[in-house]
Amino acid sequence: YWKSLEYIGIGCGACGYLDHKRYDNHKKINLYLNEYIEYSEIIDLNSAKKEFLMLGLRLIDGIDKNDYKGRFNTNIENDFDFNKLVTNNLIEITKTHIKLTHKGLMFGNVVFSEFI
């Protein structure tokens, strides 16, 4: 989940993410047995990039730039503007990673709101 990889949700109330589609199973067993998926949505490319960014920043190591490039065939710094966050000491950008600073860990929702 945190690395934006696919996962299968099995059972009542479970969620999953497969083939660029997120889904939620019915919470009530009688509905689940008849038609298990209650809701689904297709995640477009722009949304997938934002989710990768926001989930990756929640990890202590942050986002590996090469993982982003391998998945989306573009550089993360071309897709997002980090200048304001760097200036405010909320994120740190190295040659290989982008991650929250100590201050950024305290204000994660401020950082994430920049990409919503």
Check your understanding: Hey, does the side chain of Asp64 reach the backbone of Asn66 with a donor-acceptor pair shorter than 3.5 angstrom?
Key -> yes
Exercise for review: Nearest 0.5 Å please: distance from the NZ atom of Lys65 over to the CD1 atom of Ile98.
Suggested key: 5.5 Å
Point to revise | Pairing residues for Lys84 by the salt bridge (charged side-chain N to carboxylate O under 4.0 Å, His left out) criterion, not counting sequence neighbours | key: Glu114
Review point. Is it true that atom CG of Asn78 has more than 12 heavy atoms of other residues, nucleotides or ligands lying nearer than 6.0 Å?
Key: yes
Review point. Taking a hydrophobic cluster as the set of Ile, Leu, Val, Met, Phe, Trp and Tyr residues connected by side-chain heavy atoms closer than 4.5 Å, whether directly or through intermediates, do Ile63 and Phe72 fall within one such cluster?
Key: yes
Practice item. Test Leu5 against Arg71 for side-chain contact (heavy atoms from CB on, under 4.5 Å), laying out the working first. Key: CA-CA 10 Å; Leu5 299 173; Arg71 182 167 306 188; 3.3 Å; yes
Review point. In Å and rounded to the nearest 0.5 Å, what is the NE2 to CG distance from His97 to Leu57?
Key: 11.5 Å
Check your understanding: For Glu6 and Asp19, what are the C-alpha separation, side-chain angles and deciding distance, and is it a side-chain contact (heavy atoms from CB on, under 4.5 Å)?
Key -> CA-CA 8 Å; Glu6 292 186 333; Asp19 298 323; 3.8 Å; yes
Review point. Passes side-chain contact (heavy atoms from CB on, under 4.5 Å), Leu90 versus Lys103? Steps please.
Key: CA-CA 6 Å; Leu90 295 170; Lys103 178 181 174 184; 3.9 Å; yes
Review point. Counting only heavy atoms not in Phe107, do more than 12 sit closer than 6.0 Å to its CZ atom?
Key: no
Point to revise | Distance flag, aromatic centroids of Phe115 and Phe52, threshold under 6.0 Å | key: no
Check your understanding: How long is the gap from NZ on Lys49 to CD1 on Ile76, to the nearest 0.5 Å?
Key -> 9.5 Å
Check your understanding: Is the number of heavy atoms from other residues, nucleotides or ligands within 6.0 Å of OH (Tyr36) greater than 12?
Key -> no
Exercise for review: Tell me whether Val111 is reachable from Ile116 by hopping between hydrophobic residues (I, L, V, M, F, W, Y) whose side-chain heavy atoms are closer than 4.5 Å.
Suggested key: yes
Check your understanding: With no hydrogens and no angle check, do the side chains of Asn83 and Asp81 hold a donor and an acceptor under 3.5 Å apart?
Key -> yes
Review point. Stepwise, does the side-chain contact (heavy atoms from CB on, under 4.5 Å) test hold for Ile37 with Asp24?
Key: CA-CA 6 Å; Ile37 295 179; Asp24 296 333; over 6 Å; no
Check your understanding: When rounded to the nearest 0.5 angstrom, what distance separates CD in Glu35 from CG in Asn25?
Key -> 10.5 Å
Review point. In the single-linkage hydrophobic clustering (I, L, V, M, F, W, Y; side-chain heavy atoms under 4.5 Å), do Phe82 and Phe112 co-cluster?
Key: yes
Review point. Any idea which heavy atoms bring Cys12 and Lys27 closest together, and the distance?
Key: CB-O, 3.6 Å
Point to revise | Test item: Asn34 and His26 side chains (from C-beta on) under 4.5 Å apart, heavy atoms | key: no
Review point. What about Tyr68 and Leu45, same hydrophobic cluster or not, with Ile/Leu/Val/Met/Phe/Trp/Tyr joined at side-chain heavy-atom distances under 4.5 Å?
Key: yes
Check your understanding: Is the backbone N or O of Leu18 less than 3.5 Å from a side-chain atom of Tyr23, with the two atoms forming a donor-acceptor pair by type?
Key -> no
Review point. Are Val86 and Met106 co-members of a hydrophobic cluster defined by side-chain heavy atoms under 4.5 Å apart?
Key: yes
**Study point:** Approximate separation, where rounding is to 0.5 Å, of Asp79 CG and Lys69 NZ
**Key:** 11.0 Å
Review point. side-chain contact (heavy atoms from CB on, under 4.5 Å) with Glu51: which residues, sequence neighbours excluded?
Key: Arg22, Ile43
Practice item. Starting at CG of Leu100, measure out to CG of Asn89 and round the result to the nearest 0.5 Å. Key: 11.0 Å
Review point. Short question: side chain of Tyr32, backbone of Gly11 - any donor-acceptor pair under 3.5 Å?
Key: yes
